[in-house]
Amino acid sequence: MIAFNHNVIAPFIGKENLKRNALKTLTVLKKRKKITPLAFGRSYEQNQGREVSLSTDISFIKNVQNQKWVFEVKDIVSFYWEQSSYELYYYEGENGNATLSKYWFLHTFLPVFLSIEDKFELIHAGGVELKGKPVLFIAPSYGGKSTITDYFLKKGHIMVSDDRVGIYEDTLIKTISSYPYHRPYRKMEDLGIKVENFMTTVKNLHIIYLLQRVNPLEKISFELLEGIETFKALQYNFDFILPLNKARSFELIAKIASKIEIYKLSVPWDLERLDEVYQEICKHSNSRK
């Protein structure tokens with residue numbers, strides 16, 4: 001049995017969510033002899049060289065009580081649950097093992113599960129705390145998100161997330177940290193380095209920076225995004241927008257765009273200027289309300 005209990009998943013959903021029963025009676029994963037895909041299938045693109053799919057027994061248009069779901073990483077591990085039951089099952093494939101199962105559970109399956117169960121949406125972002133306030137970094141692939149996040153961690157800042165941040169609206173925009181691992185390198189199917197200095201409570205989102213690579217000699221600058229540009233920046237970085245949560249996701253994106261300042265941050269592509277970028281972000285973030 002893989003020991004994924006409340007203590008393991010608490011960092012991902014936040015202690016406040018556990019206190020208000022966000023996952024109710026979710027217990028350890030239970031092993032099954034075999035889990036096979038269901039009638040209605042939706043395959044993701046190749047994920048880290050693996051064939052990953054999500055299937056259900058009814059449809060992807062909406063989710064209903066006791067609807068069955070299967071998340072499969074072909075030949076590695078499959079996860080099964082029924083809507084709102086909070087009992088998870090897993091089956092390890094012929095090429096699977098406990099290490100890979102843990103990786104896929106925390107890195108990909110758990111965000112999908114929590115999104116389908118309508119707990120929150122996921123934004124693809126690195127995140128740290130500046131003076132106790134969550135600040136997120138979004139960027140295209142190889143856009144410097146991990147590098148910036150890593151630098152802040154080395155400076156002693158609390159990590160919100162290395163890769164995905166849970167986000168929802170409750171009058172204010174709330175952020176929920178993900179699992180406490182950091183990958184300042186490119187390596188597939190690796191959880192990364194365990195981080196002890198980690199945000200464990202739900203907090204109000206402060207600000208978002210969209211990183212833009214520029215010439216090494218260019219000036220570091222901040223440009224406030226407005227209108228459709230704000231919406232586009234968020235939509236591009238939202239994870240797991242399925243037909244059943246598409247309207248909900250777009251509604252949340254619109255609310256974030258109206259309540260949170262998003263700045264395009266020009267980042268000179270030169271590691272020698274990384275500390276300068278760090279200092280400017282701190283100064284800029286601290287100047288915002």
Exactly one candidate in Ile256, Leu234, Leu252 meets side-chain contact (heavy atoms from CB on, under 4.5 Å) with Ile123; the answer is Leu234
Asn63: what forms a side-chain contact (heavy atoms from CB on, under 4.5 Å) with it, not counting sequence neighbours? Gln67, Trp69, Gln83, Ile116, Leu244
Cluster link Phe60 to Val64, ILVMFWY, side chain under 4.5 Å: no
Under 3.5 Å, is there a donor-acceptor pair between the side chain of Asp150 and the main chain of Ser146? no
Taking the ring centre of each residue, are Phe105 and Phe79 less than 6.0 Å apart? yes
Return the minimal non-hydrogen interatomic distance between Ser115 and Leu122, and the atom names on each side. CB-CD2, 4.4 Å
Atom OG in Ser285, atom NE2 in His206: separation rounded to 0.5 Å? 3.5 Å
Check the hydrophobic clustering (I, L, V, M, F, W, Y; side-chain heavy atoms under 4.5 Å; chains of links allowed) and say if Leu136 and Ile260 are grouped together. yes
Would a single hydrophobic cluster contain both Val112 and Ile58, if residues Ile, Leu, Val, Met, Phe, Trp and Tyr are joined by side-chain heavy-atom contacts under 4.5 Å? no
Is there side-chain contact between Ile76 and Glu92, with at least one heavy-atom pair below 4.5 Å? no
Test log, rule salt bridge (Lys or Arg N to Asp or Glu O under 4.0 Å), inputs Glu261 and Arg288: CA-CA 9 Å; Glu261 289 186 337; Arg288 313 315 299 165; 3.0 Å; yes
Pro140 meets the side-chain contact (heavy atoms from CB on, under 4.5 Å) criterion, sequence neighbours left out, with none
Applying the ring pair (Phe, Tyr, Trp, His ring centres under 6.0 Å) test to Phe109, which of Tyr103, Tyr90, Trp81 qualifies? Trp81
Closest approach of Pro134 and Val160, non-hydrogen atoms and distance? CB-CG2, 4.2 Å
In this structure, which one of Glu72, Gln48, Glu189 forms a side chain to side chain donor-acceptor pair (under 3.5 Å) with Trp104? Glu189
So OG1 of Thr149 and CG of Asp162: to nearest 0.5 Å the spacing works out to 6.5 Å
Under 3.5 Å donor-acceptor, Asn97 side chain and Leu100 backbone: yes
More than 12 heavy atoms of other groups within 6.0 Å of Lys246 NZ: no
Hey, does His182 have a side-chain heavy atom less than 4.5 Å from the side chain of Leu153? yes
Determine whether a donor-acceptor pair (N or O, by modelled atom type, separation under 3.5 Å) exists between the side chain of Ser177 and the backbone of Met199. yes
Return yes when atom CD of Glu272 has more than 12 non-hydrogen atoms of other residues, nucleotides or ligands closer than 6.0 Å, and no otherwise. no
So, Tyr209 versus His284, ring centres under 6.0 angstrom or not? yes
Name all residues meeting the side-chain hydrogen bond (donor to acceptor under 3.5 Å, both in side chains) criterion together with Ser55; count only those two or more places apart in sequence or in a different chain, and write none if there are none. none
Regarding Asp190 and Tyr185, is there a side-chain donor-to-acceptor distance under 3.5 Å anywhere? yes
Between CG on residue Asn204 and CG on residue Asp170, distance to nearest 0.5 Å: 9.0 Å
Should Asp75 and Arg50 count as an ion pair when the cut-off is N to O under 4.0 Å? no
Thr175 side chain to Lys203 backbone, donor-acceptor under 3.5 Å: yes
How about Thr99 and Lys102: do any of their side-chain heavy atoms sit closer than 4.5 Å? no
Under 3.5 Å donor-acceptor, Lys259 side chain and Thr171 backbone: yes
Do Lys194 and Pro180 touch side chain to side chain, with heavy atoms closer than 4.5 Å? yes
Could you give me the CA-CA distance, side-chain angles and deciding distance for Glu251 and Lys255, then say whether salt bridge (Lys or Arg N to Asp or Glu O under 4.0 Å) is met? CA-CA 6 Å; Glu251 180 181 357; Lys255 288 179 178 178; 3.3 Å; yes
Before we go on, tell me: are the rings of Tyr151 and His157 under 6.0 Å apart, centre to centre? no
Can you get from Val214 to Val277 by hopping between Ile, Leu, Val, Met, Phe, Trp and Tyr side chains that sit under 4.5 Å apart? no
Just checking Phe152 against Phe137, ring centres under 6.0 Å apart? yes
If you measure from OH on Tyr278 to NZ on Lys283, what distance do you get to the nearest 0.5 Å? 13.0 Å
At what distance, to the nearest 0.5 angstrom, does CD1 of Ile281 lie from OH of Tyr263? 13.5 Å
Leu210 CG to Asn237 CG distance, which is reported to the nearest 0.5 Å: 7.0 Å
